[in-house]
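Here's the structure, in structure tokens; my notes come after.
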Amino acid sequence: TGIINTDQPWGNMIIRKAEESDIPQLEYIAQAMSATHASGYFATCLQEQEKGNRAVFLAFDEQTPIAYVQINWRPI
């Protein structure tokens with residue numbers, strides 16, 4: 001399923017590939033980190049994921065989004 005479950009002392013973390021419906025959670029995390037991105041940034045990242053140029057993962061603690069990571073397979 002592409003989902004990684006971890007049962008750790010700090011909680012039950014779920015890590016999975018991000019989808020278009022996750023954009024609000026990605027924006028929430030970025031804002032919490034004081035990161036600034038242009039409008040449509042995450043939509044572009046997910047389009048790049050569909051092309052195989054990038055992978056975007058989203059981590060949850062139970063149902064709360066807590067982190068994301070991107071792997072850029074084709075940096076420019």
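Computed from a predicted model, the values in this text were never measured in an experiment. Each residue takes its place number in the sequence, starting with 1.
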Q: Could I get the full list of side-chain hydrogen bond (donor to acceptor under 3.5 Å, both in side chains) partners for Asn53, not counting sequence neighbours?
A: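 Partners of Asn53 under the side-chain hydrogen bond (donor to acceptor under 3.5 Å, both in side chains) test: Glu48, Arg74.
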When rounded to the nearest 0.5 angstrom, what is the spacing between [atom1] in [X] and [atom2] in [Y]?
| X | Y | atom1 | atom2 | result |
| --- | --- | --- | --- | --- |
| Phe57 | Ile15 | CZ | CD1 | 9.0 Å |
| Tyr41 | Leu26 | OH | CG | 10.0 Å |
| Arg16 | Ile14 | CZ | CD1 | 8.5 Å |
| Leu58 | Ile66 | CG | CD1 | 9.0 Å |

Q: With the side chain counted from C-beta on, respond yes when Glu27 and Ile23 share a heavy-atom pair under 4.5 Å apart, and no when they do not.
A: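 Yes, at least one pair of side-chain atoms sits under 4.5 Å.
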Q: Taking the side chain as every heavy atom from C-beta outward, state whether Met33 and Tyr68 have any pair of such atoms under 4.5 Å apart.
A: yes
Q.
Would you say that more than 12 heavy atoms from the other residues, nucleotides or ligands in this model lie under 6.0 Å from the CD of Gln70, or not?
A.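 Counting neighbours around CD of Gln70, more than 12 heavy atoms of other residues, nucleotides or ligands fall under 6.0 Å, so yes.
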Do you know which two heavy atoms are closest between [X] and [Y], and how far apart they sit?
| X | Y | value |
| --- | --- | --- |
| Ile29 | Ala67 | CD1-N, 3.5 Å |
| Gly52 | Trp73 | O-CD1, 3.7 Å |
| His37 | Ala35 | NE2-CB, 3.9 Å |

Q: Check whether any side-chain N or O of Thr64 sits under 3.5 Å from a backbone N or O of Phe60 as a donor-acceptor pair, and report yes or no.
A: no
Q) Taking atom types as modelled, is there a side-chain donor on Arg54 or Gln49 under 3.5 Å from an acceptor on the other? A)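 Side-chain D/A pair, Arg54 to Gln49: absent.
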